[in-house]
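Worksheet for the structure shown next.
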Protein chains: 2
Amino acid sequence: MDRRQRKTREAIFSAFRELLQHRRYENITVQDIIDKADVGRSTFYSHFETKDALLYAICSDIFDHIFKGDMCNYPGQTHSLEEKLAHILWHLRDHKKDITGLLSCESADLFMGYIRGYLRELFTLHLKDFNKDVPDDFLLNHLISSFCAVIKWCSDKKMEFSPEETARNFMILVS
Amino acid sequence: MDRRQRKTREAIFSAFRELLQHRRYENITVQDIIDKADVGRSTFYSHFETKDALLYAICSDIFDHIFKGDMCNYPGQTHSLEEKLAHILWHLRDHKKDITGLLSCESADLFMGYIRGYLRELFTLHLKDFNKDVPDDFLLNHLISSFCAVIKWCSDKKMEFSPEETARNFMILVS
DNA sequence: ATATTATTGAACAAGATGTTCGATAATATA
DNA sequence: TATATTATCGAACATCTTGTTCAATAATAT
């Protein structure tokens, strides 16, 4: 990949990420992005078909950055579910700046979609731990949605919480 | 109120509600609304300051229509929490057409906000029923979010469910 | 019958997204 | 180093959307 391309893409990404820290997606214009990234309008559109395409790219990028390669989901389950959940909350807190913008309004559904997919895998592995007389898909949806609500709650509270304690409280509520 | 005003307002409301059944809010333009309602552009803006103002008005309208005056929240609690929740699900199912559009994307947060407020009151009344060793606000948030997730789940499943069974399953999961 | 008020339609401004294209600069290759 | 390729630039453009304005007209209340 051409150095110019790399630099431009990086400039757009980082401009967009910075803007997302202080404003929500729907209030950020392409003009804002190219001003901050200091690239031409046509250059922007040669990299991303639409403004939404950039949002998709950055969501996927940040999600991968936070969740890929961590120890939560690997085959030899040496960690308990509670430990895994605390681990996720640690990760999210570390990336506080990147995610607060993405967890608001229009972009929230998209980014939460990634997280839900991840949680679906995780809770599916542990579904047998729960002894509840309800259909499996109902239980699974409950676990995923509840933990997403916890994430949202943490985000709203500026991530000022103890991941371990929060994970423990969550486990108390769903067990 | 002038009959013309009433008619116009009603035409806009019903046009908007119909449009919301097949499209989500952010894809509906003012042009679409006034075409369907068959009113002039300036008339529209003499009734509603902005397009968002119409959304607010209709959310509040539909919410009131569904939730006000029902027996869920009145002082003499002769019904159990489970019965009240089933009751809510009945109501929502009856108004399926009106709410599916409101529960998508941009408008979802707004409409869910109304529902959350209602649920907050309801669950607060019953908070002592739950014996969980977690902070009250954490528990309350969990209950509200979980039941909202149930509502969303029902809506995604086209409201093809049994309110009683769903409420029972919910109570099993949070008890 | 008259005064008031609502509606209309058309034109307008502002702001956003996305496109096009010739000129220019940076990069890779020979 | 010379040359061909490729990315960027910038400015203009089309299109769509929201929201405003205003004089003419129609419906309503008194």
Side-chain angles (χ1 to χ4, degrees), chain A residues 1-61 101-102 104-110, chain B residues 1-20 22-61 101-102 104-111:
Chain A
M1 201 180 191
D2 197 306
R3 185 201 289 130
R4 287 169 297 179
Q5 273 188 309
R6 240 186 307 118
K7 278 191 168 179
T8 299
R9 197 182 165 85
E10 196 41 56
I12 292 174
F13 261 66
S14 94
F16 190 45
R17 284 164 80 143
E18 272 185 56
L19 288 167
L20 270 173
Q21 288 176 28
H22 307 292
R23 239 181 301 167
R24 47 188 49 157
Y25 174 67
E26 51 270 34
N27 296 331
I28 298 172
T29 68
V30 173
Q31 197 60 46
D32 295 329
I33 300 168
I34 65 181
D35 282 349
K36 199 168 197 86
D38 197 28
V39 300
R41 189 170 196 75
S42 44
T43 307
F44 175 91
Y45 281 104
S46 78
H47 279 262
F48 302 97
E49 278 204 342
T50 65
K51 192 187 147 198
D52 279 353
L54 170 61
L55 178 63
Y56 277 75
I58 213 134
C59 275
S60 156
D61 196 63
L102 288 177
S104 310
C105 284
E106 225 180 280
S107 50
D109 271 358
L110 185 61
Chain B
M1 200 181 191
D2 198 306
R3 185 203 289 132
R4 289 169 295 178
Q5 273 187 310
R6 240 186 308 117
K7 278 191 169 180
T8 299
R9 198 181 164 86
E10 197 40 58
I12 292 174
F13 261 66
S14 94
F16 190 45
R17 284 164 80 143
E18 273 187 54
L19 288 167
L20 269 173
H22 307 292
R23 240 181 300 167
R24 47 186 49 154
Y25 173 67
E26 52 269 33
N27 297 330
I28 298 171
T29 68
V30 174
Q31 198 59 48
D32 294 330
I33 299 168
I34 65 181
D35 282 350
K36 197 167 197 88
D38 197 29
V39 300
R41 186 169 199 74
S42 43
T43 308
F44 176 90
Y45 281 105
S46 79
H47 279 262
F48 301 97
E49 279 205 342
T50 63
K51 193 187 148 198
D52 278 354
L54 171 60
L55 179 63
Y56 277 74
I58 213 134
C59 274
S60 156
D61 195 65
L102 288 178
S104 308
C105 284
E106 224 179 280
S107 49
D109 271 358
L110 186 62
F111 192 64

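Lettering follows sequence order; numbering is per chain, from 1. This is a predicted model, so every value here is computed, not measured.
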* To do: Rounded to the nearest angstrom, tell me the gap between atom CD1 in A:I12 and atom C1' in D:dA7.
  => 12 Å
* Do B:I34 and B:Q31 have side-chain heavy atoms sitting under 4.5 Å apart? -> yes
* Structure fact -> A:K7 meets the side chain to side chain contact (heavy atoms under 4.5 Å, CB included) criterion, sequence neighbours left out, with A:R3
* Asked: Within the pair A:Y45 and C:dT19, is there a side-chain N or O less than 4.0 Å away from OP1 or OP2?
  -> no
* Rounded off to whole Å, could you give me the CE-to-P distance for the B:M1 and D:dT28 pair? => 14 Å
* N-O pairing of A:R41 and A:D35 below 4.0 Å -> no
* What is the distance, rounded to the nearest whole Å, between atom CD1 of A:I34 and atom C1' of C:dT19? -> 14 Å
* To do: Measure the distance from CZ on B:F48 to C1' on D:dT20 and round it to the nearest whole Å.
  => 18 Å
* Asked: B:K36 versus B:F16: any side-chain heavy-atom pair under 4.5 Å?
  -> no
* **Chi angles and distances behind the side chain to side chain contact (heavy atoms under 4.5 Å, CB included) call for A:V30, A:L54** => CA-CA 10 Å; A:V30 173; A:L54 170 61; over 6 Å; no
* Degree of bending, the helix from C:dA1-D:dT30 to C:dA30-D:dT1 (end axes from five pairs; round to 10°) -> 20°
* Can any side-chain N or O of A:N27 pair as donor or acceptor with the backbone N or O of A:R24 at less than 3.5 Å? -> no
* Structure fact -> In 5'-to-3' order, the base (B), backbone-only (S) or no-contact (-) status of each nucleotide in nucleotides 1-16 of chain C, using a 4.0 angstrom heavy-atom cut-off, is ----BSSBB------S
* Sub-3.5 Å donor-acceptor pair from the side chain of A:Y25 to the main-chain atoms of A:G101, do we have one? -> no
* Asked: Would you say B:E26 has more than 12 foreign heavy atoms packed within less than 6.0 Å of its CD?
  -> yes
